[in-house]
Each structure stands twice: as C-alpha cells, then as structure tokens.
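Heads up, the thing below is written out as structure tokens.
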Amino acid sequence: MAYFLGVDGGGSKTTCVVGDEVAVLARVTTGPSNITRVGETRARESLHEAIQQACAAANINPRQVQRACLGVAGVGNEEIASAVRKMVAEIMPAEIEVLGDMQIALEAAVGGGPGVIVIAGTGSIAYGRDAQGKTARAGGWGFAVSDEGSAHWIGRTAVAALLRTIDQSAELGGSLETSPLWRELKASWNIPSLEALVRDANSNRDFAVLFPAVMAAAEADDALAKSILVQAAVELARLAGIVMHRLFDSGDTSRVSLAMVGGVFRHAKTVREAFQKEICMANLRVHLNPEVVEPVQGALQRARKAGREG
C-alpha cells in the first residue's frame, strides 16, 4: 500500500493529511509553520508535530510515506523552501515537494487547469494560472506593507479605526465603553485600558488574533466592525481583479473559475457575501465557487499525482 502526505502550513496553523491512493486516512492541525513569521524553531516544531500526529492517527510510520507535498506560506524563494524540505526530511525520508501555499490552493480549486484563487488567512494573496500555464499573483507582500483583507489586516485596521473614532467622538463626549468593538478588542488582547491598547499596538503584537474579536463585534451590530469586514472583501476582490486582468483576455467570453481560500472567508459570512457582491459589480467573467476551498487537499493531490508519475 502506498501512502501520501499533504501539508498546508500557515501563519496561524498547520494542517496535515495522510492518505492512500483513494482515501484520506487522517487529518490533524498543529501550530504555525510560516518561517518568515514564526522562525525556524517554531516552524520545525509545528511541522514535526503535524506529520508525526497524522501518521500516528493513520496507524503508519512517517518512513512509510512514499511522497509528500507541503504548501507553506512564506516560501518565497528556494532558500526557505530548502530549509522546510530539510526540516521534514529529519523525520521522513520520502520524496518531498515544497511549494507556496497559493500553489496547493490552486491545485485544490482547479487541479491542473486554469483559474484564480484568493487566499485570506493570516495573510492574503491572489494567484492564478491561464490555459497556457502562465501564472500571476497580486498582494501577499507581507504584513507590514500588504496582505490586504487578511486576518492581520482586519485586526490592524480595527485598532486604527477605533482610535480614529475615539479622536472624532472625544469632542462629542462619546463613551468608549459603549463600543462592542472596543470591548471585544480589549478582551482579545487582555488589556485594561486605551493606553494599553496603544502601547501593545505599537509593540509588534499579533493583529491576526483580533480577527475573531472584529467578527464578534460585527455580530453585536457594531457598525465600525461591519464596515471593516466589508472593506476587507473589497480589498480581496481588487486582488482577484488584478490577476484576472493580467491572465485572461477581455475578449474571451468564457468564464474563469474563481475560488475563496482561508479562514477569513471560512469564518466571516460578511466577508464572503461582500466579496461575492464586489466580484459581481466588477463584471469579472468568473464562476465563483460558493464553497471555501481546503488547500491541504491540493497538497495531497499533488503528492498522489507525483507517486503515480514516479
């Protein structure tokens, strides 16, 4: 029996699946493995834990895996890809392919065909491929300067928007304690005061962890939180449009497959609905998959395909 392994490694979590030629045998989730975000030590821990736990759940030894494919956020060059490959080779001697997370996401969405995916997780990126195999990307240049519409962007934007609202409402005698967004942000970062929020926001805190707080505030009918989620969708649709225009001829009337990927889409209905609306308003010639795609399935598909071809 041949066994295959796929990994989707991100800035917040790592998902690993083990399968045979036809079925998924095990699936586990561990911590983050984006090297550029968490460093090599933490990434190694997460990858080793994910692989060992998934293999144990499938009742196999990691050395029984024939082919593995890892899609990892932050793998922007061969140096980082090589580092990830060496980490995995420490516990698993299989043939190992290391790709960017957008490549396994596209594989999960359209197989080897043309299409576009938009990832909105801890970070964000749009990525696509045309019928001739040409690829293009937009966004995904890192938390400090890009990753529009991501969990990190949403958290950072929420803090900035709240502070701007405080500036504007102070003259009107507005009360901070009436804001659902403030209450949720305060609880998420476990801070006692506005001063602590400002201090922590300027001390390299993890803004992505504020995403659930923004969602909770939006569900509590906080207008500011709702507007931030809608703006995230606008930014993500803009990335999709850039890739569409770069890859697909405006004279072609056929529709292109477009898929949503990542936790922001999966957990925030407001973002999904606003994204769909923006795509429609932009008049893009796409068929939008209503389901949120699981990138790890693309990694497993590639590992199986390599096994058959090998």
Side-chain angles (χ1 to χ4, degrees), residues 1-10 12-31 33 46-73 75 81 84-85 87-119 121 127-131 133 135 255-263 265-267 287-310:
M1 178 69 71
Y3 297 105
F4 306 95
L5 183 142
V7 171
D8 174 25
S12 298
K13 62 185 176 68
T14 299
T15 303
C16 179
V17 295
V18 172
D20 57 23
E21 293 173 349
V22 294
V24 173
L25 305 177
R27 174 190 175 108
V28 302
T29 301
T30 59
S33 54
S46 297
L47 289 169
H48 283 199
E49 286 175 9
I51 292 167
Q52 290 167 338
Q53 290 177 19
C55 288
N59 292 314
I60 67 169
N61 187 292
R63 295 184 176 277
Q64 291 177 260
V65 173
Q66 178 181 330
R67 297 270 183 168
C69 175
L70 289 82
V72 182
V75 177
V84 171
R85 196 175 295 109
M87 291 176 189
V88 175
E90 291 170 1
I91 60 170
M92 189 173 64
E95 292 288 332
I96 302 164
E97 180 181 33
V98 179
L99 303 169
D101 57 341
M102 70 277 193
Q103 291 168 287
I104 63 165
L106 188 63
E107 177 76 24
V110 298
V116 176
I117 51 101
V118 179
I119 301 177
Y127 181 72
R129 179 177 57 229
D130 67 12
T135 61
R255 292 192 172 271
V256 177
S257 294
L258 173 64
M260 300 174 286
V261 183
F265 283 123
R266 182 171 303 283
H267 300 297
H287 170 71
L288 178 60
N289 184 345
E291 303 298 323
V292 179
V293 169
E294 284 281 2
V296 73
Q297 294 298 330
L300 183 59
Q301 287 169 204
R302 284 189 68 99
R304 284 170 171 162
K305 188 184 299 182
R308 290 192 297 269
E309 294 172 352

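Small disclaimer: the values here were computed from a predicted structure and weren't measured.
Put simply, the side chain of T15 never gets that close to the backbone of T29: no donor and acceptor are under 3.5 Å apart. Looking at T14, its side chain never comes within 3.5 Å of a backbone N or O of T30 through a donor-acceptor pair. A donor-acceptor contact shorter than 3.5 Å links the side chain of R266 to the backbone of V292. No donor-acceptor distance shorter than 3.5 angstrom exists from the side chain of R302 to the backbone of A108, with no hydrogens or angles considered.
N289 places none of its side-chain heavy atoms less than 4.5 Å from the side chain of S257. Using a 4.5 Å heavy-atom threshold, the side chains of V110 and L106 count as touching. The shortest distance between side-chain heavy atoms of E294 and D8 does not fall below 4.5 Å. Counting heavy atoms from C-beta on, the side chains of I117 and V293 never come closer than 4.5 Å.
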Donor-acceptor contacts under 3.5 Å from residues 47-61 side chains, at least two apart:
unit_1, atom_1, unit_2, atom_2, d
H48, NE2, M87, O, 2.7
H48, NE2, E90, OE1, 3.3
N61, OD1, R63, N, 2.8

N/O donor to acceptor pairs below 3.5 angstrom from side-chain atoms of residues 65-73, sequence neighbours left out:
none

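Of all heavy-atom pairs spanning I96 and A89, the tightest one is CD1-N, 3.8 Å. Of all heavy-atom pairs spanning P93 and P62, the tightest one is CD-O, 4.5 Å.
Of the inter-residue distances, the one linking L300 atom CG with F4 atom CZ reads 8.5 Å to the nearest 0.5 angstrom. With rounding to the nearest 0.5 Å, the separation of CE in M1 from CG in D20 is 5.0 Å. How far CD of E291 is from CE of M260: 8.0 Å, rounded to the nearest 0.5 Å.
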Could you go through the side chain to side chain contact (heavy atoms under 4.5 Å, CB included) check for Q297 and V24 one step at a time? CA-CA 9 Å; Q297 294 298 330; V24 173; 4.3 Å; yes
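In this view, F265 and F275 satisfy the ring pair (Phe, Tyr, Trp, His ring centres under 6.0 Å) rule, not counting sequence neighbours.
Look at E107 and R129 and you find no salt bridge, because none of the NZ, NE, NH1 or NH2 atoms lies under 4.0 Å from a carboxylate O.
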